[in-house]
Amino acid sequence: MNKSEQTPALSSTHSPLGTQGLWHTPDSHTTERQQLPAYIQNIAHALIRNGMDEGQAIATAINAAKRWASGKGNVHPEVVEASRAALAEWEKLKETHHE
């Protein structure tokens, strides 16, 4: 199976990072335990498996999704679509933490 064939599963199956919710949720901003979008989680896990620390892997995964969402790089349409969806979800999550 090539990497783009894995995109539907990677973009829909969560693989949480760390032991607490995103931004240590639930908290004063939200009553739910939040987590990164599935696609970003799975990209970050791949980077961690290759030796990157968790924080850097998350930042790198978000930046990779931004690059792929813009169509830069030799990426399949499935990857572009998954990246755009993950970034839209990420932006909504960030909105829940603005005061």
Side-chain angles (χ1 to χ4, degrees):
M1 180 182 302
N2 71 42
K3 289 181 182 178
S4 64
E5 290 172 343
Q6 296 175 27
T7 299
L10 294 174
S11 64
S12 61
T13 305
H14 281 276
S15 182
L17 295 157
T19 58
Q20 300 185 14
L22 182 63
W23 297 303
H24 302 280
T25 56
D27 65 5
S28 63
H29 296 98
T30 182
T31 59
E32 300 173 0
R33 182 174 185 215
Q34 295 180 319
Q35 57 183 332
L36 289 166
Y39 199 46
I40 291 173
Q41 287 177 342
N42 285 300
I43 295 166
H45 273 292
L47 295 167
I48 291 166
R49 282 192 301 272
N50 286 323
M52 196 174 283
D53 72 62
E54 185 179 276
Q56 184 180 8
I58 292 169
T60 302
I62 291 168
N63 285 326
K66 288 177 181 178
R67 186 173 61 252
W68 298 336
S70 72
K72 291 182 181 173
N74 188 16
V75 294
H76 290 266
E78 297 88 356
V79 173
V80 173
E81 183 179 324
S83 296
R84 288 178 180 167
L87 291 172
E89 185 179 344
W90 171 237
E91 290 303 320
K92 284 182 183 179
L93 283 167
K94 290 193 310 185
E95 288 174 9
T96 67
H97 285 271
H98 289 271
E99 295 197 56

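FYI, side chains are in, hydrogens and waters are out, and symmetry mates aren't considered; it's all heavy atoms of this structure. Just so it is clear, the structure is predicted and the values come from calculations on it, not from any experiment.
- Considering CD of Q6 and CD of E78, their distance stands at 12.5 Å, rounded to 0.5 Å.
- Residues A82 and S11 come closest through the heavy atom pair CB-CB, 3.8 Å.
- The existence of a salt bridge linking K92 and E95 is excluded, since no basic side-chain nitrogen approaches an acidic carboxylate oxygen closer than 4.0 Å.
- To the nearest 0.5 Å, atom CD of residue E89 and atom CD of residue Q34 are 10.0 Å apart.
- Interatomic distance, CG of L10 versus CD1 of I40, reported as 12.5 Å (0.5 Å rounding).
- Between W68 atom CH2 and I43 atom CD1 the span is 4.5 Å, to the nearest 0.5 Å.
- The shortest side-chain heavy-atom distance between Y39 and L87 does not fall under the 4.5 Å cut-off.
- Here the shortest heavy-atom pairing between V75 and V80 reads CG2-CG2, 3.5 Å.
- Panel note: side chain H45, backbone S15; a donor-acceptor pair is recorded below 3.5 Å.
- Within 6.0 Å of the CD atom in E81, the count of heavy atoms belonging to other residues, nucleotides or ligands does not exceed 12.
- Heavy atoms only, all atoms of each residue included: P16 and Q35 are closest at CG-OE1, 3.4 Å.
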Which donor-acceptor pairs under 3.5 Å do the side chains of residues 54-64 make with protein atoms, sequence neighbours left out?
| residue | atom | partner | partner atom | Å |
| --- | --- | --- | --- | --- |
| E54 | OE1 | G18 | N | 3.4 |
| T60 | OG1 | Q56 | O | 2.8 |
| N63 | ND2 | A59 | O | 3.3 |

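- The two residues A65 and S83 come nearest to each other via the heavy atoms O-CB, 3.3 Å.
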